[in-house]
Engineer: 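This is the structure, below, for whatever I ask next.
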Amino acid sequence: TVRTIAEDHHGRIWLGTSEGIAIIDTDGATTRIFQDANSSSSLSDNSVYSILPDRDGNIWAGTFFGGVNLYVPNKSFFTIHSPEHDENSLGGKVVRMMSETEDGKLWIATENGGLMVMDRKTGETSRFHGITQLGSNVHSLYHAPGSSEIWIGTFRNGLFRYDLDEGTYRRYLPADG
C-alpha cells in the first residue's frame, strides 16, 4: 500500500508504503529501505505515512508507530525522533503528515499527540497550543511556500486556517461547505 509520494531535489520519487520506503531514481532504478531491528540508524518503523523533502535536501519520514525519521543523504543513515513524554520531544507515535514553513520549522501532524512543531536546528519539539479546539488527532497539513498561513485538518474537529504571523485562526466545520 502506497501511503505517500514525494519528489526530492534530485528528481527521485520517494514512496512511503506499509513495507518501508521505495525510492525510484530518474533512470527507473528502485531502492528499498526497511526497518532493521539490529540497527539504531535504520528506519524506525516500516509503515511510512508521510515523506517530506526539506529545503536542505534532507528527507523526513513520518511513521505509524516509530515517530519521525530524518535521512541526511550524504550520511546515508536515519536519525530517529521518537515519541517521548517530556515537553521538548515528539508527543505522538502516529505521524500522519509534515510540513515545513519559511522559518525552517517542521510542523508534524500526529494521530495521538496533536500538532507538534520542531525546531530543525535544535531538534526540540513542542506541542502547538495556538488553537485550543484542535484536539489530539491531526491528520493533514498544507503550507504553500511564501504563505503566512498553514491549513490544519483534524479528525472530527474540522479544518483550521492558522495565520503564522498574526497567531489568529479560522475554523471551518463540515457544515460550512
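Along the sequence shown, residues carry numbers from 1.
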Engineer: Report the residue from Phe160, Tyr162, Tyr169 that forms a ring-ring contact (aromatic ring centres under 6.0 Å, His included) with Phe128.
Structural biologist: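 It is Tyr162; the other options fail the test.
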
Engineer: Would you say that Arg3 contacts Phe64 through its side chain, given a criterion of any heavy-atom pair below 4.5 Å between the two side chains?
Structural biologist: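 Contact flag for Arg3/Phe64 side chains = no.
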
Engineer: Are Thr31 and Arg12 side-chain neighbours, meaning at least one heavy-atom pair lies under 4.5 Å?
Structural biologist: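 Of all side-chain heavy-atom pairs linking Arg12 with Thr31, none is under 4.5 Å.
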
Engineer: Measure the spacing between CG of Asn137 and OG1 of Thr110 and express it to the nearest 0.5 Å.
Structural biologist: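 Interatomic distance, Asn137 CG to Thr110 OG1, rounded to 0.5 Å: 8.0 Å.
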
Engineer: I need the Asn46 CG to Ile33 CD1 distance, nearest 0.5 Å.
Structural biologist: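 That separation rounds to 11.0 Å.
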
Engineer: Is any side-chain heavy atom of Pro73 less than 4.5 Å from a side-chain heavy atom of Asn58?
Structural biologist: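 A side-chain contact under 4.5 Å exists here.
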
Engineer: Do Val138 and Val117 share a hydrophobic cluster (ILVMFWY, side-chain heavy atoms under 4.5 Å, transitive)?
Structural biologist: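 Yes, Val138 and Val117 fall within the same hydrophobic cluster.
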
Engineer: CD1 of Ile59 to CD1 of Ile21: how many Å apart, nearest 0.5 Å?
Structural biologist: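 Atom-to-atom, Ile59:CD1 and Ile21:CD1 are 8.5 Å apart.
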
Engineer: Roughly how far, to the nearest 0.5 Å, is OG1 of Thr154 from CG of Leu159?
Structural biologist: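 The distance works out to 8.0 Å.
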
Engineer: What's the shortest heavy-atom distance between Ser44 and Gly67, and which atoms?
Structural biologist: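 Of all heavy-atom pairs spanning Ser44 and Gly67, the closest is OG-N, 4.5 Å.
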
Engineer: Test Ser47 against Asp45 for side-chain hydrogen bond (donor to acceptor under 3.5 Å, both in side chains), laying out the working first.
Structural biologist: CA-CA 6 Å; Ser47 189; Asp45 189 277; 4.5 Å; no

Engineer: Using a 4.5 Å cut-off on heavy atoms from C-beta on, say whether the side chain of Leu106 contacts that of Asp54.
Structural biologist: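 A side-chain contact under 4.5 Å is absent here.
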
Engineer: Are Trp107 and Leu70 connected in a single hydrophobic cluster, I mean Ile/Leu/Val/Met/Phe/Trp/Tyr linked by side-chain heavy atoms less than 4.5 Å apart?
Structural biologist: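 The answer is no; the residues belong to distinct hydrophobic clusters.
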
Engineer: Hey, is the main chain of Thr168 close enough, under 3.5 Å, to the side chain of Asp163 for a donor-acceptor pair?
Structural biologist: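 No, the answer is negative, given that no donor and acceptor are paired below the 3.5 Å cut-off.
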
Engineer: Is there a path of hydrophobic side-chain contacts, each under 4.5 Å between heavy atoms, that joins Trp60 and Leu15?
Structural biologist: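 Result: no, two separate clusters.
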
Engineer: Might you point out which heavy atoms bring Glu149 and His143 nearest each other, and give the distance in Å?
Structural biologist: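 The answer is O-ND1, 2.8 Å.
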
Engineer: Is any side-chain heavy atom of Ile108 closer than 4.5 Å to one of Met98?
Structural biologist: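 Yes, their side chains come closer than 4.5 Å.
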
Engineer: For the hydrophobic clusters of this structure (ILVMFWY residues joined by side-chain heavy atoms under 4.5 Å, transitively), does one cluster hold both Met116 and Leu141?
Structural biologist: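 They do not share one cluster, since no chain of ILVMFWY contacts under 4.5 Å joins Met116 to Leu141.
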
Engineer: With no hydrogens and no angle check, is any side-chain donor or acceptor of Asp25 less than 3.5 Å from a backbone partner on Gly28?
Structural biologist: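 Here the side-chain-to-backbone pair does not exist.
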
Engineer: Restricting to non-hydrogen atoms, name the atom on Asp36 and the atom on Ser42 that form the minimum distance, rounded to 0.1 Å.
Structural biologist: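 Shortest heavy-atom separation between Asp36 and Ser42 comes out as N-OG, 2.9 Å.
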
Engineer: So, taking the atom named OG1 in Thr63 and the one named CD1 in Ile51, what distance separates them when rounded to the nearest 0.5 Å?
Structural biologist: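 CD1 of Ile51 is found 11.0 Å from OG1 of Thr63.
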
Engineer: About how many Å separate CZ of Arg161 and OH of Tyr172, when rounded to the nearest 0.5 Å?
Structural biologist: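 Between Tyr172 OH and Arg161 CZ, I get 3.0 Å after rounding to 0.5 Å.
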
Engineer: Taking the side chain as every heavy atom from C-beta outward, state whether Glu100 and Leu52 have any atom pair closer than 4.5 Å.
Structural biologist: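 Heavy-atom side-chain distance check passes, below 4.5 Å.
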
Engineer: Indicate yes or no for a side-chain donor-acceptor contact from Arg96 to the backbone of Gly62 under 3.5 Å, with no hydrogens or angles considered.
Structural biologist: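 Judged by distance alone, no pair lies under 3.5 Å.
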
Engineer: State, yes or no, whether a side-chain contact exists between His139 and Met97 at a heavy-atom distance under 4.5 Å.
Structural biologist: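 No - every pair of side-chain heavy atoms lies 4.5 Å or more apart.
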
Engineer: Taking the side chain from Asp8 and the backbone from Pro53, do they hold a donor-acceptor pair closer than 3.5 Å?
Structural biologist: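 Side chain of Asp8 to backbone of Pro53: no pair is present.
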
Engineer: Does one hydrophobic cluster hold both Val72 and Met118, with members joined at side-chain heavy-atom distances below 4.5 Å?
Structural biologist: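 In one cluster: yes.
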
Engineer: Can you find a pair of side-chain heavy atoms, one from Glu102 and one from Pro145, that are under 4.5 Å apart?
Structural biologist: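 Yes, side chains in contact.
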
Engineer: Looking only at heavy atoms, what is the nearest atom pair of Val48 and Thr4, with distance?
Structural biologist: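 In terms of heavy atoms, the two residues are closest at O-CG2, 4.5 Å.
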
